[in-house]
Number of protein chains: 2
Amino acid sequence: MNDHSKPTLDDVARAAGVSTATVSRCLNSPDQVIAATRLRVMQAVETLGYTPDFGGRALASRRTNTVGAIIPTMDNAIFARGLQSFQETLSRFGKTLLVASSNYDPAREREQMEALAGRGADGLLLIGSARPDMSTDYLRRRGIPFVRAWNLGSGDGHFVGFDNRAAAAMLAERVIAYGHRRLSMIAGVTQMNDRAADRMAGVRDAARAAGIADADLPVIEAAYTFEDGARAMGELMARTPRPSVVMCGNDVLAVGAMQRARELGLAMPADVSITGFDDIDLARVVTPELTTVRVPHRRMGEAAAEMLIRLITKQPVETHVKIPTAIVERGTLGPPRD
Amino acid sequence: MNDHSKPTLDDVARAAGVSTATVSRCLNSPDQVIAATRLRVMQAVETLGYTPDFGGRALASRRTNTVGAIIPTMDNAIFARGLQSFQETLSRFGKTLLVASSNYDPAREREQMEALAGRGADGLLLIGSARPDMSTDYLRRRGIPFVRAWNLGSGDGHFVGFDNRAAAAMLAERVIAYGHRRLSMIAGVTQMNDRAADRMAGVRDAARAAGIADADLPVIEAAYTFEDGARAMGELMARTPRPSVVMCGNDVLAVGAMQRARELGLAMPADVSITGFDDIDLARVVTPELTTVRVPHRRMGEAAAEMLIRLITKQPVETHVKIPTAIVERGTLGPPRD
DNA sequence: TTGTATGCGTTATCAC
DNA sequence: GTGATAACGCATACAA
């Protein structure tokens with residue numbers, strides 16, 4: 001073996017003076033090999049810098065101990081946290097996580113499904129359930145189990161997530177209980193994003209129940225940045241009558257809105273109340289601190305991993321695991337001035 | 001083929017009435033196949049839901065078009081952004097990115113190196129250069145090219161990053177020019193993190209040049225959270241004499257420090273000045289806005305990808321690419337009160 | 001243009 | 001306890 005090409009089982013076997021089978025056994029079931037030979041083999045492995053080739057191994061053993069996750073974007077604190085615990089749980093079970101991102105594009109998500117399937121993923125984690133049937137059909141046809149997280153789906157399949165709609169409705173009810181009537185909302189982009197759509201629907205549910213017509217509840221959809229939140233806030237505050245509260249689809253939008261409110265000289269919550277969703281670290285950093293919905297991402301990541309593993313190992317498993325959410329009241333929600 | 005096992009090249013070939021070689025060609029060099037057969041083959045591919053097996057493909061072709069990146073943690077806006085552009089650039093060149101995280105642990109990083117090497121990564125992206133030689137030796141021995149990013153290293157190898165030390169020194173000079181003499185610092189954890197260590201060294205460089213002894217420059221190391229920043233701020237503010245400025249190793253720590261300053265009733269910058277590092281979105285959200293160092297992460301990710309690809313394809317390539325940084329003065333830095 | 005045959009690095013099934 | 005050897009799914013040199 002020359003210095004610039006990777007050593008193979010064969011190289012190790014030759015160096016240790018044993019057969020490839022023995023080397024393989026040393027790596028996979030060490031106790032089936034006598035200590036003396038094992039030592040010699042491990043020695044050779046070390047000095048040669050041998051690492052088993054995943055492709056060959058997968059080919060021969062027909063399993064990869066790999067699971068994939070396709071998330072909309074890596075550039076987002078929310079998925080990061082949940083994913084982190086997903087992967088920690090996975091590695092406790094000896095599985096490796098492969099992460100891919102779809103950029104909120106169903107076509108791209110489908111490509112990533114195929115890429116991960118091709119890489120031999122034993123199972124997949126998907127975010128939400130807003131996607132073409134074709135995509136999930138593909139996974140079913142290949143017999144690749146998958147779990148959808150971050151939201152609860154209604155149909156067949158396995159889900160672990162929050163009831164985004166109910167949580168948003170509950171927060172809106174709280175807002176209304178403070179006496180607000182002129183509600184407004186800065187929603188996340190609902191296109192192909194059921195979390196954003198559900199949160200919007202939840203707010204509308206509560207508003208309607210309180211006798212507020214959809215027409216009297218202005219909603220602006222905004223992408224996931226401070227700037228977009230600020231821009232939407234500007235538009236909302238320019239309306240007549242001016243909303244007394246702005247409910248935001250996530251904390252990032254809410255903080256952007258707060259920023260604009262401050263620039264406009266509006267006091268919170270006296271002049272305008274603002275609510276968020278997710279309770280990321282950010283929510284406790286702004287002044288006043290943000291009233292929002294706590295979403296236990298780590299717990300969800302863990303539950304998703306466990307569900308997926310049960311699915312892969314064909315153990316009995318629940319189909320819908322609901323992770324509870326909670327309203328956390330801080331400083332940005334108060335009674336309206338009038 | 002039954003419904004619950006994945007189709008192979010052979011299944012497709014049989015379904016389309018051609019040989020496996022032809023199917024393979026349809027997928028890899030379509031123009032070598034006549035349109036009629038190609039159509040038939042693609043048809044079969046579609047209906048069977050065939051996706052090439054990565055393992056088999058890698059084994060047979062001896063290349064993977066995959067590059068790996070090992071980052072300290074996914075739960076961090078800074079790496080997320082740079083990584084995003086790294087991967088975008090990569091995919092423009094038809095390469096797939098595999099991401100692994102080391103949790104700031106060199107041993108874990110080494111494991112991930114082996115995992116990625118075993119998965120056939122054509123090249124690797126590493127963060128910074130504080131790691132055991134053994135780790136880089138391993139990569140060299142296997143002939144896997146790698147680029148170290150986020151900092152400029154001094155030794156052999158390929159780097160793309162910032163001069164963290166010089167940038168920190170420049171900011172400290174600016175601070176001193178404002179008239180500050182009682183400097184202090186909340187540094188990131190410097191253990192196995194050359195970015196944090198360099199930023200600390202830079203501040204000390206400038207302080208010493210201004211006649212401030214190390215002993216008169218209290219430094220607290222803190223992990224990467226708001227809470228740790230706030231805690232360190234509390235300790236610093238309890239000292240006598242109280243520092244007139246707190247330079248932070250990153251924006252997150254700075255924002256944590258700001259939060260504590262506010263709780264202590266300290267006005268910024270009148271009572272205490274605070275500086276950050278990185279210029280993440282957060283810096284423009286807090287009040288007053290944070291004075292910090294802008295670090296063009298996207299540009300760096302892109303440069304790193306290009307460098308790695310040149311390395312992999314054995315094109316000529318620079319060894320040290322320096323990405324410029326800039327001080328952005330906002331509201332948290334001003335002259336000391338006294 | 002298409003088919004045949006071989007080998008990639010590993011595991012697993014046999015013998016020994 | 002260890003060694004041959006036959007798969008695994010695919011790409012490719014070579015033949016047709």
Side-chain angles (χ1 to χ4, degrees), chain A residues 1 5-42 44-45 48-66 114-115 117-122 142-143, chain B residues 1 5-42 44-45 48-66 114-115 117-122 142-143:
Chain A
M1 169 213 142
S5 86
K6 57 187 215 176
T8 70
L9 250 203
D10 216 63
D11 296 317
V12 179
R14 199 159 16 222
V18 297
S19 75
T20 62
T22 300
V23 179
S24 177
R25 273 187 290 256
C26 280
L27 269 35
N28 298 301
S29 33
D31 28 271
Q32 287 184 26
V33 141
I34 205 168
T37 33
R38 192 172 52 214
L39 195 69
R40 214 151 24 102
V41 168
M42 287 317 197
V45 165
L48 288 177
Y50 168 79
T51 304
D53 177 87
F54 178 81
R57 175 173 268 185
L59 210 49
S61 68
R62 311 183 58 62
R63 59 195 147 65
T64 62
N65 280 330
T66 292
E114 301 192 15
R119 283 192 138 76
D122 296 331
R142 303 229 354 171
Chain B
M1 170 211 138
S5 85
K6 57 185 212 177
T8 69
L9 249 203
D10 218 63
D11 297 317
V12 179
R14 200 159 15 225
V18 297
S19 76
T20 60
T22 298
V23 179
S24 176
R25 276 188 287 257
C26 279
L27 268 35
N28 298 301
S29 34
D31 28 274
Q32 287 183 25
V33 162
I34 206 168
T37 31
R38 191 172 52 213
L39 196 70
R40 212 153 24 105
V41 169
M42 288 316 198
V45 166
L48 289 177
Y50 169 76
T51 304
D53 178 85
F54 177 80
R57 175 172 268 186
L59 212 48
S61 68
R62 314 185 55 62
R63 60 194 147 63
T64 63
N65 280 331
T66 291
E114 300 192 15
R119 282 195 141 77
D122 296 330
R142 302 225 359 168

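Quick note on labels: first sequence line is chain A, next is B, and so on, each numbered from 1.
For the pair A:Leu9 CG and D:dA4 P, the computed distance is 14 Å after rounding to whole Å. We find that CZ of A:Arg40 is positioned 13 Å from C1' of D:dG3, with the value rounded to whole Å. When rounded to the nearest whole Å, the span between CZ of B:Arg119 and C1' of C:dT10 equals 15 Å.
Side chain to side chain, B:Asn28 and B:Arg57 meet the donor-acceptor criterion of an N or O pair below 3.5 Å.
A distance-only check finds a donor-acceptor pair linking the side chain of A:Ser61 to the backbone of A:Arg63 [under 3.5 Å]. The backbone N or O of A:Gly120 lies less than 3.5 Å from a partner atom in the side chain of A:Thr64, making a donor-acceptor pair.
The two residues A:Thr20 and A:Asp10 have their closest heavy-atom pair at CG2-OD1, 3.3 Å. In terms of heavy atoms, A:Tyr50 sits closest to A:Leu27 at CE2-CD2, 3.6 Å. The shortest heavy-atom contact between A:Arg40 and A:Ala16 is NH1-O, 2.7 Å. The two residues A:Thr37 and A:Val33 have their closest heavy-atom pair at OG1-CG1, 3.8 Å. Heavy atoms only, all atoms of each residue included: B:Lys6 and B:Asp11 are closest at O-OD2, 4.2 Å.
Taking side-chain N and O atoms only, A:Thr22 has a distance below 4.0 Å to OP1 or OP2 of D:dG3. Remark: A:Thr20 is not in phosphate contact with D:dA4, judged by side-chain N or O atoms under 4.0 Å from OP1 or OP2. Contact annotation: B:Ser19 side-chain N/O to C:dG3 OP1/OP2 distance is under 4.0 Å.
Between its opening and closing five pairs, the helix from C:dT1-D:dA16 to C:dC16-D:dG1 changes axis direction by 30°, a value rounded to 10 degrees.
The closest side-chain heavy-atom distance from B:Phe54 to B:Pro52 is not below 4.5 Å. The closest side-chain heavy-atom distance from B:Val23 to B:Met42 is not below 4.5 Å.
Residues of residues 25-35 of chain A that place a heavy atom closer than 4.0 Å to DNA chain C, in numerical order, are A:Asn28. Remark: B:Leu59, B:Ala60, B:Arg62 in residues 50-63 of chain B come within less than 4.0 Å of DNA chain C through at least one heavy atom.
Within the model, atoms OG of A:Ser19 and CZ of A:Arg25 stand 6.0 Å from one another, a figure rounded to the nearest 0.5 Å.
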